[in-house]
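Have a look at the structure below before the remarks.
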Amino acid sequence: MHEFLYQLPKIELHLHIEGSLEPELMFKLATRNNIELPYATVEEVQSAYQFDDLQGFLHLYYQGMNVLRTKQDFYDLAMDYFKRAREEGVVHIDMHFDPQAHLQRGVPLEVVMEGLLQAKGEAEAALDLSVGMIMAFLRDRPADEALNVFEQAAPYWKFLDAIGLDSAEQNNPPAKFKALFERAKEVGLVRVAHAGEEGPADYIAEALDVLDVQRIDHGVRCLESKSVVQRLRDEQVVLTVCPLSNVSLKVVDTLAEHPLPRLLEAGLKVTISSDDPAYFGGGLLTNHTACAEAFCWDREIFRQLNRNALEAAFVDEARRNELMQRLARA
Ligand code: ADE
Ligand code: ZN
């Protein structure tokens with residue numbers, strides 16, 4: 001099974017590039033930029049990665065990304081992940097990134113965009129990898145700040161596939177960002193949002209109704225509402241489920257108890273992603289192998305999950321067709 005999952009062309013729809021920052025690169029960038037880290041060794045970093053909930057993780061996630069200062073840093077961050085993902089058999093990544101988390105630290109938007117876009121361009125030219133760009137907004141910060149950053153990003157809209165909504169979900173309902181999402185729709189951008197990770201099932205319906213999102217990131221708490229499940233099934237809304245993330249952030253106690261099998265049984269359009277692989281114990285291949293062990297899924301389930309992802313991926317039709325054929329042959 002491991003060999004099959006390794007060679008299966010895998011599609012990742014939910015990946016925060018800042019969450020791919022491995023401790024080794026964190027130390028390298030800290031040294032390069034003369035930044036003091038609260039850790040002495042890679043082992044110390046890893047032992048700090050024990051989270052009680054989303055908020056506990058977000059604290060270390062925003063702290064870790066403080067080493068990212070220059071265009072070269074953002075390029076290295078993305079290229080480092082792209083190469084590792086390719087080695088695990090990933091062929092497409094829709095990449096979230098958090099501009100507000102960098103602007104807040106005095107890192108200009110151009111630095112972030114130019115570093116990430118250069119890595120995307122080179123990966124697409126040389127690595128047999130396609131990359132979608134999702135500019136994400138922090139729901140625990142003011143809505144007008146998000147709108148201002150989105151307007152500031154106008155020169156880069158043409159390079160974006162979608163906008164997203166992430167960070168602390170509880171008490172930050174989707175409707176808070178109605179104006180931003182309307183504006184993004186007006187300029188022709190697709191919308192996605194995290195919903196039903198730590199927040200209630202209602203937030204999933206609200207993201208669909210008020211933000212007009214095309215995909216729901218996570219969405220695992222939909223099972224708490226029959227009507228939300230029915231709607232997700234009727235509309236075949238794609239859920240980007242992140243099993244190891246949900247275990248690390250204690251959305252579920254163990255992978256064996258993860259709702260993934262129930263989501264599939266309910267007829268929902270499920271996909272699998274890694275979310276923040278440097279923090280949650282592994283990338284997309286590890287998420288696949290862990291599910292194979294926990295749920296005893298057969299090959300066809302994994303093919304189907306990746307077909308679901310590919311159908312919804314931000315990729316041109318020629319590459320989508322090519323990858324669909326490679327998936328069928330796997
Ligand atoms: N930002 C990075 N990872 C996230 C997650 N799992 N949920 C919400 N915001 C995030
Ligand atoms: Zn996420």
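All values below come from the heavy atoms of this structure, side chains included, with hydrogens, waters and symmetry mates left out. Atoms within each ligand, like the ligands themselves, are counted from 1 in listed order.
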- Report yes or no: is the cationic atom of R215 (NZ for Lys, CZ for Arg) closer than 6.0 Å to the six-membered ring centre of F314, at no more than 45° off its axis? yes

- Query: Can you tell me the angle formed at the Zn ion (ligand 2) by OD1 of D275 and NE2 of H16, to 10°?
  - Reply: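 About 90° at the Zn ion (ligand 2).
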
- Note on the structure: Note: NE2(H14)-the Zn ion (ligand 2)-NE2(H194) angle, rounded to 10 degrees, equals 90°

- Hey, what's the ring geometry for H16 with H194, parallel, tilted or perpendicular (30° and 60° as the breaks)? tilted

Within the supplied structure, the quantity of interest is the number of heavy atoms (other residues, nucleotides, ligands) at a distance under 6.0 Å from [X] [atom1]; does it exceed 12?
X: N171; atom1: CG; result: no
X: K250; atom1: NZ; result: yes
X: K178; atom1: NZ; result: no
X: F4; atom1: CZ; result: yes

- Task: Output yes when the distance from some N or O of ligand 1 to some N or O of S167 is under 3.5 Å, and no in every other case.
- Result: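 There is such a contact, yes.
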
- Item | Polar contact flag for S245 and ligand 1 (N/O pairs, less than 3.5 Å) | no

Give the atoms of ligand 1, by number and element, whose distance to some non-hydrogen atom of [X] is under 4.0 Å.
X: D276; answer: 2 (C), 3 (N), 4 (C), 6 (N)
X: H218; answer: 6 (N)
X: L54; answer: 5 (C), 7 (N), 8 (C)

- 4.0 Å heavy-atom contact, H96 with ligand 1: no

- Examine H288 together with Y6 and report whether their ring centres are nearer than 6.0 Å.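 Aromatic pair excluded; centres sit 6.0 Å or further apart.
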
- Identify the protein heavy atom lying closest to atom 1 (N) of ligand 1, giving its residue, its atom name and the separation to 0.1 Å.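 Atom 1 (N) of ligand 1 sits closest to the protein heavy atom H16 CE1, 3.5 Å.
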
- Just need the protein heavy atom nearest to atom 6 (N) of ligand 1, so name the residue and atom and give the distance.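 So the nearest neighbour among protein heavy atoms is D275 OD2, 2.7 Å.
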
- Matching residue for Y203 among E169, Q170, R221 - test: side-chain contact (heavy atoms from CB on, under 4.5 Å):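 Among E169, Q170, R221, the one meeting side-chain contact (heavy atoms from CB on, under 4.5 Å) with Y203 is E169.
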
With heavy atoms only and a cut-off of under 4.0 Å, state how [X] meets ligand 1: side chain, backbone, both or neither.
X: E169; result: neither
X: D98; result: neither
X: E197; result: side chain

- Query: Has H96 got an N, O or S atom lying less than 2.8 Å from the Zn ion (ligand 2)?
  - Reply: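 So H96 does not count as coordinating the Zn ion (ligand 2).
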
- Message: Against F57, only a single residue in Y62, Y279, Y49 fulfils ring-ring contact (aromatic ring centres under 6.0 Å, His included); can you say which?
- Response: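 Single ring-ring contact (aromatic ring centres under 6.0 Å, His included) partner of F57 among Y62, Y279, Y49: Y279.
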
